[in-house]
Amino acid sequence: MESLTFVLFGSTGDLAKRKIFPALYNLYLEQKLPRTLSIIGLGRNKFSDDEFQQYVENSLNTFSRRKPEDHASVAEFISYFRYYGLDAADKEGYKELLKLVESREKELNIPQNRLFYLSVAPEFFDVIALNIKESGLGNTKGWKRLIIEKPFGHDLKSARELNEKLSKSFEEDEIFRIDHYLGKPMVQNLETLVAANPFLKALWNNQYIANIQITASETVGVEERAGYYDGTGAIRDMFQNHMLQMLLMTAMHLPTPITPQNIRNQKSSLMKSIRRIAKEDVAKHVVRAQYTAGKMNGKPVVGYREEPGVDPSSMTDTFIAARLWIEDFFWREVPFYIRTGKRMAEKCTKIVVEFKDPLQDLQGSKAAPNLLTIQINPNEKITLQLNGKNLLKNGEMESINMDFSPASDNIPEAYELLIHDAIRGDASFFAHWEEVEQAWELVQPILDAFEENLVPLETYPAGSYGPEASDRLLAEQGFKWWQDE
Ligand code: BG6
């Protein structure tokens, strides 16, 4: 693997401390980093290199798989780090940064491969990208890459503007947009599960599948993020990105040969096949809701509008459910139900595939539908519900569950997998601009309908599974949400 310089903007922020340093360290322990590496942390704080290295070590002690005896490996790992205090808008600062990057490249005798990770608020993305270009930092004799994380814009227009600006400094194949759901091991497992198992591959279509349900429920409320969340809502925070990406990964038929480009094309064509919902029809297919006061683990909690920092008359959705249709050869007529919300009964991300009932035409059939449940978070598990006869009960039909849980120790974290891919230049599990743009195209009429109050804002008590209206969405086709209660 080629050596590189990892330039981390926002290195004294929360994400760096909790996710990025531990991910890099775990990769280092597993020998998945190049043998020589230069990591340059940037931020507004004043740190000496020693202080910064100590800061990185502290984060490893709290958030990584470090064992107390790992002194030597930690010491070597933190020796890769240097710190430079930079204000993102200070053009002169970037020239100094370039000198530091170049001097480390010479000292370590490594090629000019530079990975810029922007772990900063999105309003800085374009300024930083431009300064990277104008300072000459992006003018390398090796490769350059940019990692950014959602939100990519606030709506279709702002997303396009942002992309336009970024594309002045980086080519599309140099931009790695992280959607951390694409880094979750079980999401990454989806394509293999279907492609490598003929019995699933053969059934992965509208002939056998009745509906697909994708849930990401959270127990946390808005926490300290009201400033961000109140103008964002579940639709922008989860639906436009994580939920639609999970839908694509579930519906995808793996292209051959499996290359990042083919995966991108496949996802993009799937995204194009999702039936667009006209603004006037949004209320028929989308449910939005907000949590009211309720109980979590027996303890009373306040409603969304009473949360600190939230506008008491806020119309922000903390829950969204939608019924989507993919108009292609494989999925025509199969409803995809999606729901996500805060302050729900359980923390759970899962995909349930409900198969059609083969005995549905036989009178008196008691067969339950076959269900394939892919539990993504918090416990990774795959369950297959089948039907069998219980000979102890007069041969009555009953459900049989087959479970598989992968070993849970040392499963790499999403950031570990994604950073490793970005270092290797593999964009398979990153969001391509076309997908992002099409996701906004799909979401924009929904945002407009919310804005114009064409969709009622339902409520649900904290600690529940969401509003009744979300059950009605499925009941209209004779289905129900499958959940472990
Ligand atoms: C983030 C959202 O992208 O994903 C948060 O901004 C949400 O609001 C989080 O809580 C959920 O991620 P996970 O991995 O805990 O399911």
Side-chain angles (χ1 to χ4, degrees), residues 2-11 15-16 20 38-42 84 86-91 93-95 97-98 100-102 105 110-154 156-180 182-183 241 245 259-261 263-265 267-268 415 418-440:
E2 279 187 303
S3 295
L4 73 145
T5 303
F6 192 101
V7 185
L8 180 57
F9 290 79
S11 70
L15 187 71
I20 303 174
S38 158
I39 305 179
I40 300 191
L42 306 169
Y84 182 70
L86 178 77
D87 178 333
D90 170 19
K91 290 189 180 300
Y94 286 80
K95 293 187 185 144
L97 172 62
L98 174 60
L100 173 62
V101 169
E102 285 177 341
E105 283 167 348
I110 57 175
Q112 291 185 342
N113 297 325
R114 297 174 189 159
L115 179 67
F116 302 96
Y117 194 133
L118 273 46
S119 174
V120 294
E123 57 265 32
F124 295 113
F125 288 173
D126 53 342
V127 183
I128 296 178
L130 189 66
N131 281 327
I132 289 174
K133 181 182 173 178
E134 290 184 346
S135 62
L137 266 164
N139 210 350
T140 77
K141 292 202 188 79
W143 50 252
K144 67 172 189 303
R145 290 179 196 137
L146 180 77
I147 301 186
I148 48 175
E149 195 151 354
K150 64 148 244 230
F152 309 118
H154 192 66
L156 180 57
K157 183 165 168 282
S158 57
R160 283 186 174 146
E161 283 164 5
L162 173 62
N163 195 58
E164 178 74 30
K165 287 183 183 152
L166 291 183
S167 64
K168 297 211 164 81
S169 310
F170 288 86
E171 300 290 330
E172 174 59 28
D173 63 4
E174 293 173 329
I175 304 178
F176 288 67
R177 296 179 193 79
I178 288 195
D179 181 310
H180 80 279
L182 286 177
N241 35 73
Q245 284 291 347
T259 60
Q261 188 57 43
I263 293 180
R264 282 181 167 191
N265 292 346
K267 282 170 75 187
S268 170
Y415 280 88
L418 294 174
I419 291 174
H420 187 228
D421 284 350
I423 289 177
R424 292 184 301 130
D426 182 343
S428 307
F429 291 109
F430 291 83
H432 187 261
W433 167 242
E434 270 188 31
E435 293 153 31
V436 175
E437 184 180 36
Q438 285 159 21
W440 277 121

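One distance of note links CD of Q438 with CG of L156; it measures 11.0 Å at 0.5 Å rounding. Taking CZ of R424 as the start and CZ of R145 as the end, the distance is 10.0 Å to the nearest 0.5 Å. Rounded to the nearest 0.5 angstrom, S169 OG and F125 CZ are separated by 13.5 Å. Interatomic distance, N241 CG to H180 NE2, rounded to the nearest 0.5 Å: 9.5 Å. The CD atom of E435 sits 9.0 Å away from atom CZ of R177, with the distance rounded to the nearest 0.5 Å. How far CH2 of W433 is from CD of E164: 9.5 Å, rounded to the nearest 0.5 Å.
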Handout entry: side chain to side chain contact (heavy atoms under 4.5 Å, CB included) evaluation trace for I148 with L146
Key = CA-CA 6 Å; I148 48 175; L146 180 77; 4.2 Å; yes
Exercise for the section: Give the C-alpha distance, both sets of side-chain angles, the deciding distance and a yes or no for side chain to side chain contact (heavy atoms under 4.5 Å, CB included) between I40 and F9. Expected result: CA-CA 9 Å; I40 300 191; F9 290 79; over 6 Å; no
Practice task
Take E105 and N113, measure what side chain to side chain contact (heavy atoms under 4.5 Å, CB included) needs, and give me the verdict at the end.
Solution key: CA-CA 9 Å; E105 283 167 348; N113 297 325; over 6 Å; no
Handout entry: Derivation of the side chain to side chain contact (heavy atoms under 4.5 Å, CB included) call for Y94 and E134
Key = CA-CA 9 Å; Y94 286 80; E134 290 184 346; over 6 Å; no
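Contact of the F6 side chain with the I419 side chain is registered, since non-hydrogen atoms from C-beta on lie closer than 4.5 Å. I110 places none of its side-chain heavy atoms less than 4.5 Å from the side chain of L4. Inter-residue side-chain proximity for V101 and S38 is flagged as unmet; no heavy-atom pair is nearer than 4.5 Å. The shortest side-chain heavy-atom distance between L130 and D126 does not fall under the 4.5 Å cut-off. A heavy-atom distance below 4.5 Å is not found between the side chains of K150 and D179. Side chains of Y117 and L15 form a contact here, defined as non-hydrogen atoms less than 4.5 Å apart. Considering only heavy atoms from C-beta on, S119 comes within 4.5 Å of L8 through its side chain.
Shortest non-hydrogen contact noted between S11 and A16 is O-CB, 3.6 Å. Scanning all heavy atoms of the two residues, the minimum distance from A431 to L182 falls at N-CD1, 4.3 Å. Among all heavy-atom pairs drawn from A88 and N131, the shortest one is O-ND2, 3.1 Å. Residues P260 and D426 approach most closely at CG-OD1, 3.5 Å, considering heavy atoms.
Between the E149 side chain and the I178 main chain, no donor and acceptor come within less than 3.5 Å of each other.
A salt bridge does not link R114 with E174: none of the charged nitrogens is closer than 4.0 Å to a carboxylate oxygen. Residues R264 and E434 are not paired through a salt bridge, judged by the lack of any N-O separation under 4.0 Å between the basic side chain and the carboxylate. Taking 4.0 Å as the cut-off between side-chain N and carboxylate O, E161 and K157 count as a salt-bridged pair.
For CD of E172, the number of neighbouring non-hydrogen atoms (other residues, nucleotides, ligands) closer than 6.0 Å is greater than 12.
Every ring-ring contact (aromatic ring centres under 6.0 Å, His included) that F176 has, sequence neighbours left out, goes to F430.
A side-chain donor from one of W143 and E2 sits under 3.5 Å from a side-chain acceptor of the other.
Of the residues listed (I175, L118, L115, L418), the one engaging I147 in a side chain to side chain contact (heavy atoms under 4.5 Å, CB included) is L115, and it is the only one.
Taking the centre and axis of the six-membered ring of F170, the NZ or CZ atom of K144 falls inside the cone set by 45° and 6.0 Å.
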